[in-house]
Amino acid sequence: MAWGKQNPCYQDAIAIRRAVFIDEQGIAPEEELDGTDEDKMHYVGYVDDQPVTTARIDMLAGNRVKIQRVATVATARHQGYAGELIKQIIADAQKSDIARISLDAQVTAMAFYRELGFTPVGETFKEAGIDHRTMQYRAKEN
């Protein structure tokens with residue numbers, strides 16, 4: 001993991017996001033690469049030194065974090081890599097006494113996030129033309 005854009009981890013994260021969100025899902029590059037990466041923490045999971053899964057973290061007011069841009073390359077899906085990455089993010093947040101973790105899940109991925117302890121809140125909404133729903137994980141009780 002690393003902060004901002006000036007590191008190899010960020011370059012690997014962008015390569016995964018381009019492959020998944022831009023090439024596979026058809027999201028416009030300017031929408032996916034939204035200009036806010038400099039202020040985010042980027043996680044990347046590697047297998048045999050190859051980047052296979054990524055997520056970015058947005059630190060929010062009120063001791064909260066939002067997980068964003070979770071993606072796994074097609075050849076590495078359904079092998080548990082993204083789940084392990086999310087579990088690491090949760091563990092890191094708990095060590096930092098983060099009060100709440102949330103994410104906006106693509107509706108097709110909600111079952112995956114439920115298995116990791118996330119609960120849907122609010123209504124379905126569109127982001128980049130894809131149905132999403134906010135989900136929350138409480139890292140600790142307040």
Side-chain angles (χ1 to χ4, degrees), residues 1-60 62-141:
M1 76 179 133
W3 280 103
K5 295 169 36 174
Q6 302 303 318
N7 58 75
C9 179
Y10 172 74
Q11 297 306 319
D12 291 341
I14 290 304
I16 295 168
R17 288 167 49 192
R18 280 186 183 280
V20 173
F21 296 126
I22 296 171
D23 297 343
E24 287 181 38
Q25 295 185 354
I27 295 171
E30 61 276 6
E31 194 164 3
E32 171 53 33
L33 305 174
D34 61 3
T36 68
D37 285 310
E38 185 64 42
D39 301 326
K40 309 288 193 287
M41 173 164 295
H42 302 274
Y43 281 76
V44 176
Y46 296 87
V47 175
D48 298 326
D49 295 323
Q50 295 300 309
V52 297
T53 190
T54 190
R56 78 177 187 188
I57 308 305
D58 192 3
M59 302 297 292
L60 304 173
N63 203 24
R64 300 173 298 136
V65 298
K66 187 170 187 178
I67 301 171
Q68 302 173 322
R69 306 303 204 263
V70 178
T72 302
V73 296
T75 56
R77 289 185 192 139
H78 309 292
Q79 297 180 45
Y81 301 130
E84 290 303 312
L85 190 74
I86 299 295
K87 288 176 188 175
Q88 184 62 56
I89 292 168
I90 291 168
D92 290 350
Q94 289 173 327
K95 287 178 199 168
S96 299
D97 292 324
I98 297 297
R100 186 163 297 153
I101 303 168
S102 66
L103 54 81
D104 292 336
Q106 290 186 8
V107 169
T108 56
M110 286 178 61
F112 165 74
Y113 292 113
R114 275 193 180 103
E115 289 179 20
L116 294 169
F118 287 83
T119 304
V121 294
E123 300 298 318
T124 300
F125 62 93
K126 291 238 187 247
E127 183 175 316
I130 299 170
D131 286 339
H132 284 71
R133 190 144 177 221
T134 299
M135 300 184 82
Q136 288 185 347
Y137 178 96
R138 293 189 195 279
K140 68 177 196 172
E141 292 300 318

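Along the sequence shown, residues carry numbers from 1.
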Measuring only between side-chain heavy atoms, which start at C-beta, is [X] closer than 4.5 Å to [Y]?
| X | Y | answer |
| --- | --- | --- |
| Ile98 | Met59 | yes |
| Leu116 | Lys87 | yes |
| Tyr137 | Ile89 | no |

Please list all pairs meeting salt bridge (Lys or Arg N to Asp or Glu O under 4.0 Å) that have one or both residues in residues 121-132, counting only residues at least two apart or in different chains.
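Passing the test, one end in residues 121-132: Lys126-Asp131.
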Got a sec, which pairs hit salt bridge (Lys or Arg N to Asp or Glu O under 4.0 Å) with one end in residues 12-24, sequence neighbours left out?
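Residue pairs passing salt bridge (Lys or Arg N to Asp or Glu O under 4.0 Å), neighbours aside: Arg17-Glu32, Arg17-Asp37, Glu24-Arg77.
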Quick one: closest heavy-atom pair of [X] and [Y], and the distance?
| X | Y | result |
| --- | --- | --- |
| Ala99 | Gly62 | CB-O, 4.4 Å |
| Leu85 | Ala55 | CD2-N, 3.7 Å |
| Ile101 | Ala93 | CD1-CB, 3.6 Å |
| Glu31 | Ala128 | OE2-CA, 3.2 Å |
| Pro51 | Val44 | CB-CG1, 3.8 Å |
| Tyr10 | Asn7 | N-OD1, 2.7 Å |

What's the separation between atom [atom1] in [X] and atom [atom2] in [Y], rounded to the nearest 0.5 Å?
| X | Y | atom1 | atom2 | value |
| --- | --- | --- | --- | --- |
| Asp39 | Asp58 | CG | CG | 8.0 Å |
| Ile27 | Leu33 | CD1 | CG | 10.0 Å |
| Thr119 | Gln136 | OG1 | CD | 8.0 Å |
| Ile130 | Phe21 | CD1 | CZ | 8.0 Å |
| Leu103 | Ile57 | CG | CD1 | 9.0 Å |
| Ile67 | Ile90 | CD1 | CD1 | 6.0 Å |

Under the side chain to side chain contact (heavy atoms under 4.5 Å, CB included) test, which residues partner Ala15, sequence neighbours left out?
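By the side chain to side chain contact (heavy atoms under 4.5 Å, CB included) rule, Ala15 matches no residue at all.
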Got a sec, which residues hit side chain to side chain contact (heavy atoms under 4.5 Å, CB included) with Thr36, two or more places apart in sequence or on another chain?
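Listed in chain order: Asp34, Lys40, Arg56.
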Phe125: what forms a ring-ring contact (aromatic ring centres under 6.0 Å, His included) with it, not counting sequence neighbours?
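In terms of ring-ring contact (aromatic ring centres under 6.0 Å, His included), with neighbours along the sequence ignored, Phe125 is linked to His132.
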Sequence neighbours left out, what passes side chain to side chain donor-acceptor pair (under 3.5 Å) with [X]? Give chain and number order.
| X | value |
| --- | --- |
| Gln79 | Tyr81 |
| Gln50 | none |
| Thr53 | Thr72 |

With side-chain hydrogen bond (donor to acceptor under 3.5 Å, both in side chains) as the rule and sequence neighbours excluded, what pairs involving residues 104-115 come up?
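Only Gln25-Gln106, Lys66-Asp104, Asp104-Thr134 qualify under side-chain hydrogen bond (donor to acceptor under 3.5 Å, both in side chains).
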